[in-house]
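Everything on this sheet refers to the single structure shown next.
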Protein chains: 2
Amino acid sequence: MSDDARHDHLVGVLGGMGPAATAAFYAKLVRRTPATRDQDHLRVAVWADPTVPDRVAAAVNGSDEPYPAMLHGALRLRDIGATEVVIPCHTAHVFLPRLAADTGLRFLDMVHETIRELARRRPAGGVGLLGTRGTIVSGLYQAGCREARLDVVEPDDAAQAHLDVAIALVKQGEVEAAGQQLQRALDALVERDASPVVLACTELPLAVPYLPAPGRVELIDPTDLLADAIIRECLVGT
Amino acid sequence: MSDDARHDHLVGVLGGMGPAATAAFYAKLVRRTPATRDQDHLRVAVWADPTVPDRVAAAVNGSDEPYPAMLHGALRLRDIGATEVVIPCHTAHVFLPRLAADTGLRFLDMVHETIRELARRRPAGGVGLLGTRGTIVSGLYQAGCREARLDVVEPDDAAQAHLDVAIALVKQGEVEAAGQQLQRALDALVERDASPVVLACTELPLAVPYLPAPGRVELIDPTDLLADAIIRECLVGT
């Protein structure tokens, strides 16, 4: 249907975790794709299943309760021809290697893209890490950062409590209130000289426009990096 | 995976026409769904194929060039279990009856939902209609409005020219400039006493936040009505 090599790709988005984050991610992918007309854009299929059981509880408890639903979604994306798959949920990345092995699908890894960008920047001090308790406890980011010799500043209990509320508020559509909670978590990391700070939960970028005091610290949004990785992948050879 | 009847549904979105409008529509569906946590949301699959040939040219010329790509997408949504399908593109609704017949899928019809809402409101004067030349020429809205005994005010050539530019600008991500062009098309309809005005192209709602003089006339956004129709459909019996 198209002679353009970018259209040999079908980008699969394994989403719904949560739905607002998935919608924002797809909008971002569209916005960041160099395009002047519809036909310049990428072919995308989104599987958004919000019934996937809680990823955070699973990561904290080491359970694999969310896995069957995630596998089901990845297989549906494979059924309809996805050539690459991305997951716009950090905590769910705990299951990415197993999904790749069980489906044979090529996954682009948001955590990997982020650590690569951090390594490129070589920050002088510690990198702040804001994510769900599941993402923090699983060590998803810490292992790669250690390898890249990057110090990580994790939220303390009070900051994590603000962050948990911020994430829940985004899931409820309360993005303004979420911005206030996110600010408190950010400020706690800034006090400990973390810079930049990684928004390692895909709900958090939705609250950033509502930060009461933006600009106190540089933010890294891994969903930007994942979108750009997709675009690079699909535009090679075009 | 869920005992909730809403999760017996898988909402298929036949999109990519254009991509930004599809992303905005999915975000709107999420925002309008009554939910306090991920698991309250609907299961959604989006097939976003921006390579579908130009719908406007086809509607104007009476060609069915876009149809094979649209059918392909609808069949992929059927393959993965879609129980209802929606198309967040007005012009593409020209092909909806044929898609429904060829796939056996249940489609929710955005044009139908909009005319029903207009009939409910019984505006005193004419209803303004802003859409692509394809949507206008095809008579998609006019036939239903006639049946519901609603007068339609169509854009004149100058207004349509502003509208064409507005739609192209949204597809290029230039939403602010699009807002200015949309304002000129709107003002032309307001001068002719049209009220309300239907934004019968899914790119137009993306320009509304950038109208230089908002509030001059009541706007009807059919993507709101389509999202609400989906939610009603899936939440019946829950």
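Here is how names work: the chains are called A, B, and so on, in the same order as the sequence lines, proteins then strands, and each is numbered from 1. Bear in mind the structure is a predicted one, so any value in this text is a computation, not a measurement.
- The contact between A/T22 and chain B is made by backbone and side chain atoms together, counting heavy-atom distances below 4.5 Å.
- Counting heavy-atom pairs under 4.5 Å between each of B/T36, B/D4, B/L77 and chain A puts B/T36 at the top.
- Here the closest non-hydrogen pair linking B/A27 and A/A23 is CA-CB, 3.6 Å.
- The candidate with the highest count of non-hydrogen atom pairs below 4.5 Å against chain A, out of B/D38, B/L169, B/D54, is B/D38.
- The part of A/A35 that comes within reach of chain B is its backbone (N, CA, C, O), which places non-hydrogen atoms under 4.5 angstrom from that chain.
- Of the atoms belonging to A/P53, it is backbone heavy atoms, and not side-chain ones, that fall under 4.5 Å from chain B.
- Annotation for A/T51 and B/Q39: closest pair CA-CG, 4.2 Å, computed over non-hydrogen atoms.
- No side-chain heavy atom of A/V46 sits under 4.5 Å from any side-chain heavy atom of B/V44.
- Put simply, of B/K171, B/H7, B/R37, the one with the most heavy-atom pairs under 4.5 Å next to chain A is B/K171.
- Remark: B/I80 CD1 to A/D79 CG distance equals 8.0 Å, nearest 0.5 Å.
- The two residues B/D49 and A/R43 have their closest heavy-atom pair at OD1-CG, 3.7 Å.
- Using a 4.5 Å cut-off on side-chain heavy atoms (C-beta onward), A/P19 and B/H41 make contact.
- Neither the backbone nor the side chain of A/R78 comes within contact range of chain B, judged by heavy atoms closer than 4.5 Å.
- Comparing A/G173, A/A48, A/G73 by heavy-atom pairs within less than 4.5 Å of chain B, the highest count is held by A/A48.
- Contact annotation for B/R55: only side-chain heavy atoms (C-beta onward) come within less than 4.5 Å of a heavy atom of chain A.
- Applying the 6.0 Å contact sphere to OH of A/Y210 captures no more than 12 heavy atoms from other residues, nucleotides or ligands.
- Contact of A/V52 with chain B is made through the backbone alone, with heavy-atom distances under 4.5 Å.
- Between A/L10 and B/R76 the shortest side-chain heavy-atom distance does not fall below 4.5 Å.
- Annotation: A/R184, atom CZ; neighbour count of heavy atoms from other residues, nucleotides and ligands within 6.0 Å does not exceed 12.
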